[in-house]
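Throughout, protein chains are lettered first and strands after them, A, B, ... in sequence-line order, and every chain is numbered starting at 1.
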There are 2 protein chains.
Amino acid sequence: MSGTTNIDRRSARRQETVAEIVAAAWELAREEGLTGLALRDLGARVGMKAQSLYSYFSSKHEIYDAMFLEGYLAFAEMVETTSAEEAGNGDPDALLRRAARGFVAFCTSDPARYQLLFHRTVPGFEPSPESWAVALAAYERSRQSLSTAGIDDQASFDLWTALVTGLAGQQIANDPGGDRWEQLVDPAVDMFRVHLRETANAEGEKA
Amino acid sequence: MSGTTNIDRRSARRQETVAEIVAAAWELAREEGLTGLALRDLGARVGMKAQSLYSYFSSKHEIYDAMFLEGYLAFAEMVETTSAEEAGNGDPDALLRRAARGFVAFCTSDPARYQLLFHRTVPGFEPSPESWAVALAAYERSRQSLSTAGIDDQASFDLWTALVTGLAGQQIANDPGGDRWEQLVDPAVDMFRVHLRETANAEGEKA
DNA sequence: GTCTATAATCTGATAGAC
DNA sequence: GTCTATCAGATTATAGAC
């Protein structure tokens, strides 16, 4: 009787614990720096010995991988929110502004996450194919959303990502907690919009 | 007889060794990652026991500090080269292009250095006041140089640094060894130039 | 699934001989 | 100034009892 249910319960409990561990890992990464994360501290934070973590993850890199995955799930959610039709009643300029603000806020709200997702900073760590797939899907979703705002070629999108990661990076590195670069998000979007218009014109002239 | 000379010789020899250690530290940082640098490996690389490094540096952070300092000296040199009058016969647009290309090449040629100089990625490390002074001077020199190309307010310069560090960061993280974002440097400069023209117009209209 | 015990190694750093 | 010796502790990770 109810063998499956017990298994479900057990795996649900397990997933809870896994999630708790990953949450604690993020906490520690924020406090100690991404590469300062230590399994001893992590175990202590969730009320376990460090060794017990190996019941849930087979290596430290696997924990980083779970963090990476979770980070990109949060990224995807942010993309979805800023892309929402209702939020901007179809105005492409408003969409661009929302996307840029959302992205920079996403980054500055968690510098450790910004580091893990957008820079290769943990020695030896490489995301698993599964996590990469999620990252890529989120990236594609973002690209698709912004294509409706006029960013419809790869080069423009690459320039866009450089611009927004650059704003976030400068804010985090040189004015943590402040808004010196966050203030520049709207001007940067204006600048980028002119660029879009000009490249569109150039295409038109060629035709 | 030549007591001072002996001291000079000795301190010169010492400086040579210090420079050798820092050079080896950069090598290792490039190979193992900036935070993967270990004193044992560093000692081995220069033909010493790790403990002997303490004759030259009193802590690991002090080595990072020397790397930081050296990095900003190289940065200053790059700024000087790209700012050179001769290199662009006074054409402000050419200066902007040279500055951007020079900066991105400076970053991509050494990702570990990019990380140390422009992101806070080593847990617990903070540059000494002396090193900060050099960094700040190089920053100011860059700002001064680019002010002759029309970047004459802080906000525009901040936007500029976000743009070029962003291009470099994306190149390093997502296409190491390639040129996907490096190709976008000139288009990015064009985009930025239009921004400069527009903000200048806006200022003019206010007056 | 968590523990103890511990392996095996690496960490940065110090003391003191030469 | 470099060495040996070593500290004191951290690190990730495994084996096996409960």
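Rounded to a whole Å, the CD atom of A:Glu16 is 15 Å from the C1' atom of C:dG1. At whole-Å resolution of the value, OH in B:Tyr54 and P in C:dG16 are 17 Å apart. Spacing between atom CE of A:Met48 and atom C1' of C:dC3 amounts to 11 Å, rounded to whole angstrom units. Look at CD on B:Gln51: it is 8 Å from C1' on D:dC3, rounded to the nearest Å. As a whole-Å value, the separation of A:Glu20 CD from C:dT2 C1' is 14 Å. The CZ-P distance, from A:Phe57 to C:dG1, rounds to 13 Å in whole Å. Remark: C1' of D:dT14 and CG of A:Leu53 are 14 Å apart, rounded to the nearest angstrom. As rounded to whole Å, 14 Å separates atom C1' of D:dT12 from atom CD of A:Glu62.
Residue contacts shown for A:Ile63 are absent, as no nucleic acid heavy atom lies under 4.0 Å away. Contact annotation for B:Leu42: no contact, since no heavy-atom pair falls under 4.0 Å across all strands. Within 4.0 Å of B:Ser59, counting heavy atoms only, lie sugar-phosphate atoms of the nucleic acid but no base atom.
Contact check, A:Lys49 against C:dC3: no side-chain N or O comes under 4.0 Å of OP1 or OP2.
The two residues A:Ala24 and A:Val46 come nearest to each other via the heavy atoms CB-CG1, 3.6 Å.
A cation-pi geometry, defined here as NZ or CZ lying under 6.0 Å from the six-membered ring centre and within 45° of its normal, does not hold between B:Arg141 and B:Phe75.
Between A:Arg40 and A:Ser52, the one whose closest nucleotide on DNA chain C sits nearer the 5' end is A:Ser52. Nearest-nucleotide positions on DNA chain D for B:Tyr56 and A:Leu39 put B:Tyr56 closer to the 5' end.
Ring geometry for B:Phe157 against B:Tyr139 counts as perpendicular: the plane angle is over 60°, on a 0 to 90° scale with 30° as the lower cut. Aromatic ring orientation, A:Phe125 versus A:His61: perpendicular (interplanar angle above 60°, classes split at 30° and 60°).
Residues A:Arg143 and A:Gln154 have side chains that bring a donor and an acceptor to within less than 3.5 angstrom of each other.
Taking every side-chain heavy atom of B:Ala38 into account, C:dT11 is the closest of C:dT2, C:dT4, C:dT11. Taking the side chain of B:Ser55 as heavy atoms from C-beta on, and the options D:dT2, C:dT2, C:dG1, the nearest nucleotide is D:dT2.
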